[in-house]
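Side chains are part of it too, since the values below use all heavy atoms of this structure and drop only hydrogens, waters and symmetry mates.
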Amino acid sequence: MKTVISAKLKLNTTPEQFHQLRATQLAYRDSLNFVSHYAFEHDKMSNKIALQDGTYHDLRARFHLPSQMACSVPRQVGATYKGLWTKVKKNAEDRKAGRTKKRYKGLDHAPTYVSPTLTYQYKKDYSFKTDNHVSILSLEGRVVVPYTGYNQHVALIQREAEIGAAKLWYDKPKKQFYLLVSLEIEIADPTPATHTGIVGVDVGVRYLAVTSTTRGDRAFHSGKKIVPKANHYARLRKRLQRKGTRSATRRLVVISGRERRLKADANHVVSKRIATRHPNSLIGLERLTDIRDRTKHKHGKHASKKQRKANAVYAKWSFAELQGMIAYKALMQSSMAIKVDANYTSQACPMCGHTCPENRPQKGLMFICQNCHYTLHADLLGAKNITMRMLLVRQDWTSTGILSECPDVSDKEAKAARLRRYAELRWSLDTSPSDLSRGI
Ligand SMILES: [Zn+2]
């Protein structure tokens, strides 16, 4: 089985190389914004060939881009516009069908590129040299820079694992350049014999993640210290956005960066803990699209104060990023993350199967089964239900040899059939994979 990992290489630049790379990054970003305006003024066009024909000369003469980059800028802008047009059309359909009243405003102005992160294609505009040196394209031709990184990653590069595109990323607070290289690596095919542990992960606001295993191991990964801090930055950001002055905008960039890094750091810490705690395991993650349906709270003046607060926090945390990090780090521990349906994971009783919203009185902290009175911390309950669904996936895997990652999203019948099977699931005190097969 093949998988893609990202190697973070620290570029040990000379002051001169530093300035070359920074100038290249900024010129590239300015070019993106230049082409974006051009596209906007030409009927918000997304055709990359027409964009290239219209801007190539300027990109070369005004921004001094090498020809390779002068071609990739229009391509990137074209892709951005194409994506935005898709959203505009989808929104028009939704409004026509009465699904929403809001008009999508993504194409009211020319989209602006803020990040100066620059993408390089392997062997076209960057390549590896001997002795841990990498050659990168800049405005003034190629620069050859020594790099350092994880021994494991460096060894893969030297062995010429399948190397893909790379991103030149600038860490502004540290004034340091990194090259993020994607590598395709071969990992042993997972089998029921290699992946013996079963873990369910419930993500949420109160605890960023709660885990539960079939062997009774459980852990709460709190965001207690971080979430209030992130909220503080978010409130600050909102105030500055409203202000809209130039100095406020400058401050806004700083605050947004801090907020993003804070959240990414927390996601890194939690995902690493989960991955290292559960080697050789199947790790069940909720499919987030299901969660959004589940947490469709009221908005606006119909929402209670508590609901509005919950909505705000939910909107701000990147659970997709957290899950992505768990999946990535799991591979390094010979584990594997699998998405499972999230429907009713917060409402179903693992003891008697009774499923209803009233099992969560006042949507509170506790789950109390209205049928058998089984009581448990609500987040742990979510994790437990995911664990059981994961167990079902593993069982199917053992019996059919096929590991199915809850497949076709659009297939409603298949999903209904899965939900029926979940409804049959019961937790037993000594739930091991072989024991449970009797129960289902
Ligand atoms: Zn019950």
Point to revise | Pair Y422-Y344, ring-ring contact (aromatic ring centres under 6.0 Å, His included): steps then yes or no | key: CA-CA 10 Å; Y422 298 151; Y344 309 114; 9.7 Å; no
Check your understanding: Can you list the steps and then say if Y170 with F18 is a ring-ring contact (aromatic ring centres under 6.0 Å, His included)?
Key -> CA-CA 10 Å; Y170 181 55; F18 178 90; 5.8 Å; yes
Study note, to complete from the structure: Interatomic distance, CD1@I326 vs OG@S335, rounded to 0.5 Å, equals 11.5 Å
Practice item. Carefully, step by step, assess K167 and T119 under the rule side-chain hydrogen bond (donor to acceptor under 3.5 Å, both in side chains). Key: CA-CA 4 Å; K167 281 184 175 153; T119 306; 5.2 Å; no
Check your understanding: So, D217 and R277, do they make that salt bridge, N to O below 4.0 Å?
Key -> yes
Exercise for review: Could you give me the CA-CA distance, side-chain angles and deciding distance for Y328 and Q323, then say whether side-chain hydrogen bond (donor to acceptor under 3.5 Å, both in side chains) is met?
Suggested key: CA-CA 9 Å; Y328 176 79; Q323 288 193 338; over 6 Å; no
Review point. Is the count of non-hydrogen atoms from other residues, nucleotides or ligands lying under 6.0 Å from K48 atom NZ greater than 12?
Key: no
Exercise for review: Over all heavy atoms of both residues, which pair between S318 and N267 is shortest? Give the atoms and the distance, please.
Suggested key: O-ND2, 3.3 Å
Check your understanding: So, E259 and K229, do they make that salt bridge, N to O below 4.0 Å?
Key -> no
Point to revise | Least distance between heavy atoms, A264 atom then M325 atom | key: O-CE, 3.9 Å
Review point. Parallel, tilted or perpendicular: which fits the ring planes of Y38 and H42, with parallel below 30° and perpendicular above 60°?
Key: parallel
Check your understanding: Of all residues at least two apart in sequence or in a different chain, which pass the salt bridge (Lys or Arg N to Asp or Glu O under 4.0 Å) check with K101?
Key -> none
Practice item. Report the C-alpha separation of K8 and H153 in whole Å, then their side-chain angles, then the decisive distance to 0.1 Å, and conclude whether the side-chain hydrogen bond (donor to acceptor under 3.5 Å, both in side chains) test is met. Key: CA-CA 8 Å; K8 186 175 174 183; H153 288 159; over 6 Å; no
Study note, to complete from the structure: Taken to the nearest 0.5 Å, the spacing of Y120 OH from L180 CG works out to 12.5 Å
Review point. Hey, what's the ring geometry for H377 with F220, parallel, tilted or perpendicular (30° and 60° as the breaks)?
Key: perpendicular
Check your understanding: Of the non-hydrogen atoms in W427 and T214, which two are nearest, and what is the gap between them?
Key -> CH2-CA, 4.2 Å
Exercise for review: First locate atom CG of L9, then atom OH of Y147, and finally report the distance between them rounded to the nearest 0.5 Å.
Suggested key: 6.0 Å
Practice item. Take the angle between the ring planes of W397 and H195 and call it parallel below 30°, perpendicular above 60°, tilted in between. Key: perpendicular
Practice item. For T80 and Y113, test the side chains for any donor-to-acceptor distance below 3.5 angstrom and give the result as yes or no. Key: yes
Review point. Which value, rounded to the nearest 0.5 Å, describes the distance between M351 atom CE and H373 atom NE2?
Key: 14.5 Å
Point to revise | Atom CZ of R251: over 12 foreign heavy atoms under 6.0 Å | key: no
Exercise for review: Output the distance between atom CE (M336) and atom CG (L331), rounded to the nearest 0.5 Å.
Suggested key: 7.0 Å
Exercise for review: Flag the pair D341 and R389 as a salt bridge only when some basic side-chain nitrogen lies within less than 4.0 angstrom of an acidic carboxylate oxygen.
Suggested key: no
Review point. Quick check: are there more than 12 heavy atoms from other residues, nucleotides or ligands sitting under 6.0 Å from CZ of R22?
Key: yes
Exercise for review: Compare every heavy atom of R394 with every heavy atom of I198, then report the nearest pair and how far apart it is.
Suggested key: CD1-CD, 3.1 Å
Review point. Hey, is K90 close enough to D94 for a salt bridge, meaning N to O under 4.0 Å?
Key: yes
Review point. In terms of side-chain heavy atoms, does D171 have a donor or acceptor partner in Q176 at a distance below 3.5 Å?
Key: no
Review point. Does the side chain of E162 come under 3.5 Å of the side chain of Y122 through a donor N or O and an acceptor N or O?
Key: no
Practice item. Assess whether atom NE2 of H37 is packed by more than 12 heavy atoms of other residues, nucleotides or ligands within 6.0 Å. Key: no
Exercise for review: Indicate yes or no for a side-chain donor-acceptor contact from D379 to the backbone of A209 under 3.5 Å, with no hydrogens or angles considered.
Suggested key: no
Point to revise | Residue among V201, N385, I386, N343 satisfying side-chain contact (heavy atoms from CB on, under 4.5 Å) with E286 | key: I386
Check your understanding: Is it true that the NZ or CZ of K87 lies under 6.0 Å from the centre of Y104's six-membered ring and within 45 degrees of the ring axis?
Key -> no
Check your understanding: Should K44 and D108 count as an ion pair when the cut-off is N to O under 4.0 Å?
Key -> no
Check your understanding: Hey, are R421 and D396 close enough for a salt bridge, meaning a charged N less than 4.0 Å from a carboxylate O?
Key -> yes
Check your understanding: What do you reckon, is CZ of R246 surrounded by more than 12 foreign heavy atoms closer than 6.0 Å?
Key -> no
Check your understanding: Can a cation-pi geometry be assigned to R360 and F367, taking NZ or CZ under 6.0 Å from the six-membered ring centre and within 45° of the ring axis?
Key -> no
Exercise for review: Would you indicate whether Q152, at its atom CD, is surrounded by more than 12 heavy atoms from other residues, nucleotides or ligands within a distance under 6.0 Å?
Suggested key: no
Study note, to complete from the structure: Value for OH (Y178) from OG1 (T148), rounded to nearest 0.5 Å, stands at 8.5 Å
Point to revise | Option from T13, N132, L179 for which side-chain contact (heavy atoms from CB on, under 4.5 Å) with V145 holds | key: T13
